[in-house]
Amino acid sequence: MSTATNLNFSIKTEVFEGPLELLLELVERRKFLINDISLASVTDEYMQYVSDMQEESLPNTSRFVALAATLLLLKSKSLLPVLELTQDEEESIDNLEERLRLYQIYRDAAKNLMNQFGQTMLYEPLFAPPKEPLFLPDSLCTVEVLHAAIGEVVVQLPKTEEKPKARVRPTISLEEMIDKLQHRIEQQMKTRFSELKQEVTEHKEVIVGFLAILELVKQGNVLVKQISRFDDIEIEVEQTGVPNYH
Amino acid sequence: MGLDVYIEGLLFYKAVPMKKAAVAKALGVKLEEVSAGVAALKARLNTGALRLLETDDTLQLVTAPELSHFMEGVQKDEIRGDIGKAGAETLAIILYRGPVTRAEIDSIRGVNSSYILRNLLIRGLIERSSTKSGGGYAFSVSPPLLQHLGVTEKQHLPDYARILDQLEAFETAQQAET
Amino acid sequence: MGLDVYIEGLLFYKAVPMKKAAVAKALGVKLEEVSAGVAALKARLNTGALRLLETDDTLQLVTAPELSHFMEGVQKDEIRGDIGKAGAETLAIILYRGPVTRAEIDSIRGVNSSYILRNLLIRGLIERSSTKSGGGYAFSVSPPLLQHLGVTEKQHLPDYARILDQLEAFETAQQAET
């Protein structure tokens with residue numbers, strides 16, 4: 001059992017409606033402020049949660065995966081500053097912090113609303129039927145008008161699939177996303193992550209394996225040797241140094 | 001807060017004449033105490049739009065006689081006004097689908113209908129009756145409106161079967177969800 | 001008699017929320033004059049059982065918050081006091097940012113809010129109106145929402161000013177960046 005798994009333990013039992021809610025919870029749980037450093041540091045936990053969601057085929061996983069992509073970019077950039085990001089990607093990272101800050105304001109306001117709702121009611125009068133029965137039809141009280149009105153009502157009936165309940169596979173999986181990112185980093189850094197990837201088969205292992213490599217690079221546990229000026233940079237990982245996340 | 005404030009709130013909420021004994025009971029006080037509160041309330045209301053109408057054994061909040069001319073005008077305007085698009089939609093649902101509860105109407109329209117139902121009730125276009133299950137009311141079109149519309153059999157309403165099928169399909173789907 | 005008395009009489013008679021525009025029309029005055037009357041009425045009501053509940057575009061007479069405990073014992077309806085996390089977040093966005101479109105709400109919450117919006121509409125806690133641009137609806141605070149929160153206007157919410165400050169600070173920071 002590693003520390004990362006322990007941290008995830010209580011998160012797992014909670015249900016999060018959306019990715020911002022989950023991310024904010026992870027940041028606040030560590031009493032962090034919202035910035036790129038804190039977001040990078042909770043990326044592992046976020047990925048773990050989404051990975052579990054995907055495994056259980058929970059609805060709305062795709063929402064969480066989309067944000068996971070941004071988080072991974074952010075984390076990759078923080079660990080490998082030489083990684084070049086497109087302008088769009090830089091923006092999506094900046095936006096994420098802003099969105100989370102704005103969401104935090106409303107989420108806090110919501111907590112107070114929830115406590116206050118229904119506690120002190122202001123009452124309007126009960127309905128008092130008129131003493132003498134009236135009958136006041138108007139120009140709308142014809143079969144034609146009411147037929148048209150019910151037609152409008154039927155057209156406006158909401159589609160029943162509005163409530164999110166169908167268990168669908170996300171359109172893009174975490175593995176696909178990580179594959180793409182890994183490919184890019186390989187291209188840019190000319191490293192050989194793929195060699196490591198071959199050793200792991202479970203998708204969860206790919207995910208955490210990738211994160212682990214990023215960590216190892218950062219921590220200097222990786223031997224980088226440039227074999228010659230034009231050769232690939234090879235990464236050697238001491239197996240004992242790889243955190244075991246699963 | 002004085003007893004007058006409680007009496008005022010209670011009468012405002014009930015909106016119909018209340019027995020003094022019932023007022024005393026709701027406040028948990030004696031009848032004589034109600035009388036003291038009533039005197040205080042009358043004195044306080046004096047500058048506003050409301051008055052306390054008192055009979056031997058009842059109390060009711062009403063608008064001041066000074067406003068009676070204005071209130072008559074308001075009532076006339078109300079009669080002249082029409083029920084509006086939302087009113088027509090609600091009435092149509094009650095015509096085709098009635099007897100139907102407020103919850104069912106709200107679910108079909110996707111918005112709360114309670115104020116609209118009040119207006120349709122006041123205008124005598126619909127009626128309400130207690131539901132079998134006891135939870136709230138069921139609404140139906142009033143007999144005078146049926147007559148006004150010239151509808152003798154609901155089945156003869158245009159598109160009756162098709163519309164009812166669609167409403168039923170929707171309601172079944174809603175129930176399956178919850 | 002002052003305009004405040006007419007407004008009070010009118011709202012008492014209607015018993016449900018009235019559009020400010022309809023109040024102005026019934027009184028034959030301009031909207032600004034209604035505002036002056038509203039201020040006078042609020043001041044006068046202050047010692048009694050009733051309060052004037054105000055949203056951006058409606059007025060309604062309701063019982064004072066001080067009476068809520070007593071009224072709770074008098075009334076029969078079961079109040080559903082739960083709105084849930086998703087409901088509360090959506091209401092917060094509508095309270096502090098409304099009128100607001102579903103797209104804006106979705107973007108702030110990072111999830112699709114159509115189901116929760118429908119639920120809040122059916123409960124009467126929010127209102128929808130067509131947007132100026134004509135594309136879809138904008139959602140705003142309803143009188144029943146304020147009734148449930150125990151305030152006669154949203155500005156009276158305990159942390160209204162604080163949250164508004166935070167939102168302003170956020171927007172200032174954003175503008176400084178760009």
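Numbers restart at 1 for each chain; the letters A, B, ... are given by sequence-line order, proteins then strands.
Contact annotation for residues 85-110 of chain C against chain A (heavy-atom separation below 4.5 Å, listed by residue number): C:Lys85, C:Ala86, C:Ala88, C:Glu89, C:Leu91, C:Ala92, C:Ile93, C:Leu95, C:Tyr96, C:Arg97, C:Ser107, C:Ile108, C:Arg109, C:Gly110.
C:Met71 is not listed as a side-chain neighbour of A:Met121, based on a closest heavy-atom distance of 4.5 Å or more. The closest side-chain heavy-atom distance from C:Leu145 to A:Phe117 is below 4.5 Å. Contact of the A:Thr120 side chain with the C:His69 side chain is not registered, since no non-hydrogen atoms from C-beta on lie closer than 4.5 Å. Looking only at side-chain heavy atoms (C-beta outward), A:Glu17 and C:Ile116 stay at 4.5 Å or farther from each other.
For the side-chain contact (heavy atoms from CB on, under 4.5 Å) test with A:Leu122, the passing option among C:Leu61, C:Leu50, C:Leu53, C:Val151 is C:Leu53; the others fail.
Separating the CG atom in A:Asn115 from the CG atom in C:Leu149 is a distance of 11.5 Å, to the nearest 0.5 Å. Rounded to the nearest 0.5 Å, atoms CD (A:Glu124) and NZ (C:Lys14) are 14.5 Å apart. We find the NE2-CG distance between C:His148 and A:Leu113 to be 13.0 Å, quoted to the nearest 0.5 Å.
Across C:Glu171, C:Glu66, C:Gln147, the residue that shares the most heavy-atom pairs under 4.5 angstrom with chain A is C:Gln147. Of the listed residues (A:Ala128, A:Pro125, A:Gly18), the one with the most heavy-atom contacts under 4.5 Å to chain C is A:Pro125. Contact tally against chain A (heavy-atom pairs below 4.5 Å) for C:Gly84, C:Ser68, C:Pro17, C:Ala64: the top residue is C:Ser68.
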Dump the intermediate steps for side chain to side chain contact (heavy atoms under 4.5 Å, CB included) on A:Tyr123 and C:Val74, then the final yes or no.
CA-CA 11 Å; A:Tyr123 292 88; C:Val74 170; over 6 Å; no

After noting the C-alpha distance and the side-chain angles of A:Asn112 and C:Arg162, does the key distance pass the side chain to side chain contact (heavy atoms under 4.5 Å, CB included) rule?
CA-CA 12 Å; A:Asn112 297 334; C:Arg162 188 175 60 82; 3.6 Å; yes

Stepwise side chain to side chain contact (heavy atoms under 4.5 Å, CB included) test for C:Val111 and A:Leu20:
CA-CA 9 Å; C:Val111 297; A:Leu20 292 178; over 6 Å; no

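Interface remark: C:Arg51 contributes no atoms to any contact with chain A (heavy atom separation under 4.5 Å). Within the 4.5 angstrom heavy-atom criterion, atoms from both the backbone and the side chain of C:Gln166 approach chain A.
Counted within 6.0 Å of CD on C:Gln155, heavy atoms from surrounding residues, nucleotides or ligands total more than 12; the atom is thus considered enclosed.
Take A:Ser92 and apply the side chain to side chain donor-acceptor pair (under 3.5 Å) test, not counting sequence neighbours, and it matches no residue.
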